[in-house]
Amino acid sequence: MAASFKSIRYSLVIPVFNEEAVLPILLRRLDLVLSRLDGPAEAIFVDDGSSDSSSIVLRALATRDPRFRYIGLSRNFGHQVAITAGMDAAQGEAIIVMDADLQDPPEVIEQLIAKWQEGNDIVHARRLSRDGESRFKRATAHLFYRLLGRMSSVGIPADVGDFRLIDRKVLDALRQMPEQDRYVRGMIAWLGFRQTEVTFHRLERAAGETKYPLFKMVRLAMNAALGFSDLPLRLAVWCGLTVSGLALLYGGWVILLWLSKDSHLVTGWSSTIVVVSLLCGINMLMTGIVGLYVGRIHAEVKRRPLYVVQTRAGFDRSEAAAAAPAIHAVNE
């Protein structure tokens, strides 16, 4: 059965970075899911500067199977930007974003679609468990979502990653938000619309290594906090007021000692160093917080493109088949 390229109903956006070990399993499971959908679908793989054979496999697949598209970025721009590149190219009425490591099970896509067909514009996939992750990562993730929920003026769902479905009108609104330091899940939550969720158990990676080490998780958390809350700035103001108030109280106490000619007025060298060091540290902390916001303003003012596409495959066909030959042939 063939369908017009413009009549695509579902678009799957899958960012990829050095996932050659997991691709054979992912492609087999995607093939089964796509064959069960109730309308024409496309799967857009966004290669975020992979250095392994992922680009070779996916580009070849996009060349011979009309359901698949390939976008090769010129370098590694980051997970959130790769998601944006895929959504910019998506043609479907509903867009599903998922990771390539199979921690986001492709079979959950059908549950997301069922909720969308009930009239919801955004369907989040919430994790009930996080198998294969260390206790430290689970604890920090739990803490992060709770703190972000309290800091942000926007209701960002807890325990929800980038695995979700959004309606075409949500994507059109999202594309009007061109900010550089992107936290896509927060941006989607900010848009509003009618939202719901499905739940699933997140499994450990099928193969390969995590592409989100600690420093990338910290960077993502900072983008979330700085992009959706002004609490750090308000915290800087209150810390400054608190330190200033304590300094005034201390000054008043010293004046009273001087008026009473107290012999203990002369303070030691160590206490002076401690006080000066404390105030310098607080000053550096507050300056750093303000500097982070200024740096984000600088990045926005430069207006550089979010990403640069080096290669595209599978987008130049006038027709896309809703059912195509099984993709296990990529291993031959």
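Side-chain atoms are counted along with the backbone in the values below, which use heavy atoms only and exclude waters and symmetry mates.
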Original post:
Taking all non-hydrogen atoms of both residues, which atom of Ala189 and which atom of Gln195 are closest, and how far apart?
Top reply: O-NE2, 3.8 Å
**OP:** Using salt bridge (Lys or Arg N to Asp or Glu O under 4.0 Å) as the criterion, list what pairs up with Asp38, not counting sequence neighbours.
**Re:** Arg9
Original post:
Does the pair Leu12 and Leu34 meet the rule for a side-chain contact (heavy atoms from CB on, under 4.5 Å), with working shown?
Top reply: CA-CA 10 Å; Leu12 277 61; Leu34 292 177; 4.3 Å; yes
Original post:
Counting only N and O atoms by type, is there a donor-acceptor contact under 3.5 Å from the side chain of Gln80 to the main-chain atoms of Val184?
Top reply: yes
Subject >> Non-neighbouring partners of Glu20 that pass salt bridge (Lys or Arg N to Asp or Glu O under 4.0 Å), sequence neighbours left out >> reply: none
Original post:
Do any pairs count as a ring pair (Phe, Tyr, Trp, His ring centres under 6.0 Å) and have a residue in residues 89-108, sequence neighbours left out, and if so which ones?
Top reply: none
Original post:
Got a second to check how far Ile14's CD1 is from Arg69's CZ, nearest 0.5 Å?
Top reply: 12.5 Å
Original post:
If we only count heavy atoms from C-beta on, is the Ile113 to Leu37 side-chain gap below 4.5 Å?
Top reply: yes
**OP:** Walk me through it: do Lys169 and Leu171 pass the test side-chain contact (heavy atoms from CB on, under 4.5 Å)?
**Re:** CA-CA 5 Å; Lys169 61 175 173 286; Leu171 177 58; over 6 Å; no
Original post:
Between Asn18 and Ser51, does a side-chain contact (heavy atoms from CB on, under 4.5 Å) hold up when you go through it step by step?
Top reply: CA-CA 6 Å; Asn18 293 338; Ser51 58; 3.4 Å; yes
Subject >> Side-chain heavy-atom pair Val46, Val16 within 4.5 angstrom cut-off >> reply: no
Original post:
In Å and rounded to the nearest 0.5 Å, what is the CG to CD1 distance from Asp88 to Ile71?
Top reply: 8.0 Å
**OP:** Indicate if Leu23 and Ile56 have the same hydrophobic cluster label, given that clusters are the connected sets of ILVMFWY residues with side-chain heavy-atom separations under 4.5 angstrom.
**Re:** no
Original post:
Quick one: side-chain contact (heavy atoms from CB on, under 4.5 Å) partners of Glu118, sequence neighbours excluded?
Top reply: Lys115, Asn120
**OP:** Might you point out which heavy atoms bring Ser7 and Pro40 nearest each other, and give the distance in Å?
**Re:** O-CG, 4.1 Å
Original post:
Heavy-atom distance under 4.5 Å between the side chains of Arg164 and Ile188, does that happen here?
Top reply: yes
**OP:** For residues 88-122, pull every pair meeting ring pair (Phe, Tyr, Trp, His ring centres under 6.0 Å), keeping only residues two or more places apart or in separate chains.
**Re:** Tyr10-Trp116
Original post:
How far does CZ of Arg126 sit from OG1 of Thr196, to the nearest 0.5 angstrom?
Top reply: 10.5 Å
Subject >> Which residues share a salt bridge (Lys or Arg N to Asp or Glu O under 4.0 Å) with Arg75, sequence neighbours left out >> reply: none
Original post:
How many angstroms lie between atom CG of Leu112 and atom CD1 of Ile122, to the nearest 0.5 angstrom?
Top reply: 12.5 Å
**OP:** Measure the shortest side-chain to side-chain distance between Val57 and Leu61 over non-hydrogen atoms and say whether it is less than 4.5 angstrom.
**Re:** no
Original post:
Considering residues at least two apart in sequence or located in another chain, which fulfil the side-chain contact (heavy atoms from CB on, under 4.5 Å) criterion with Leu32?
Top reply: Arg36
Subject >> Closest contact, heavy atoms only, Leu27 versus Phe45 >> reply: CD2-CZ, 3.6 Å
**OP:** Taking all non-hydrogen atoms of both residues into account, name the closest pair between Ile109 and Met98 and its distance.
**Re:** CD1-SD, 3.7 Å
Original post:
Any side-chain heavy-atom pair from Ser11 and Glu93 closer than 4.5 angstrom?
Top reply: no
Original post:
Is the closest side-chain heavy-atom distance between Met187 and Leu174 below 4.5 Å?
Top reply: yes
Subject >> Set of salt bridge (Lys or Arg N to Asp or Glu O under 4.0 Å) partners for Asp99, sequence neighbours left out >> reply: none
Subject >> Nearest heavy-atom neighbours spanning Ala85 and Leu73 >> reply: CB-CD2, 4.2 Å
**OP:** Report the residues that fulfil side chain to side chain donor-acceptor pair (under 3.5 Å) with Arg168, sequence neighbours left out, ordered by chain and then residue number.
**Re:** none
**OP:** Working to the nearest 0.5 Å, report the span between CG of Leu30 and CD1 of Ile25.
**Re:** 12.0 Å
**OP:** Using the test ring pair (Phe, Tyr, Trp, His ring centres under 6.0 Å), find all partners of Phe200 that sit at least two apart in sequence or belong to another chain.
**Re:** Phe163
**OP:** Indicate the atoms forming the closest heavy-atom contact of Phe315 with Ala89, along with that distance.
**Re:** CE2-CB, 3.9 Å
**OP:** To the nearest 0.5 angstrom, please state how far the CG atom of Asp48 sits from the CD atom of Glu19.
**Re:** 11.0 Å
Original post:
Residues two or more places apart in sequence or in another chain: which of them pass side chain to side chain donor-acceptor pair (under 3.5 Å) with Asp47?
Top reply: Ser50, Tyr70
**OP:** Take Met177 and Trp190 through the test side-chain contact (heavy atoms from CB on, under 4.5 Å) and record every step on the way to the result.
**Re:** CA-CA 11 Å; Met177 303 170 67; Trp190 180 89; 3.8 Å; yes
**OP:** Report yes if the side chains of Thr199 and Arg127 come closer than 4.5 Å at any heavy-atom pair, otherwise no.
**Re:** no
Original post:
Which residue pairs satisfy the ring pair (Phe, Tyr, Trp, His ring centres under 6.0 Å) criterion with at least one member in residues 80-115, sequence neighbours excluded?
Top reply: none
Original post:
Between Ile95 and Leu165, is any pair of side-chain heavy atoms under 4.5 Å apart?
Top reply: no
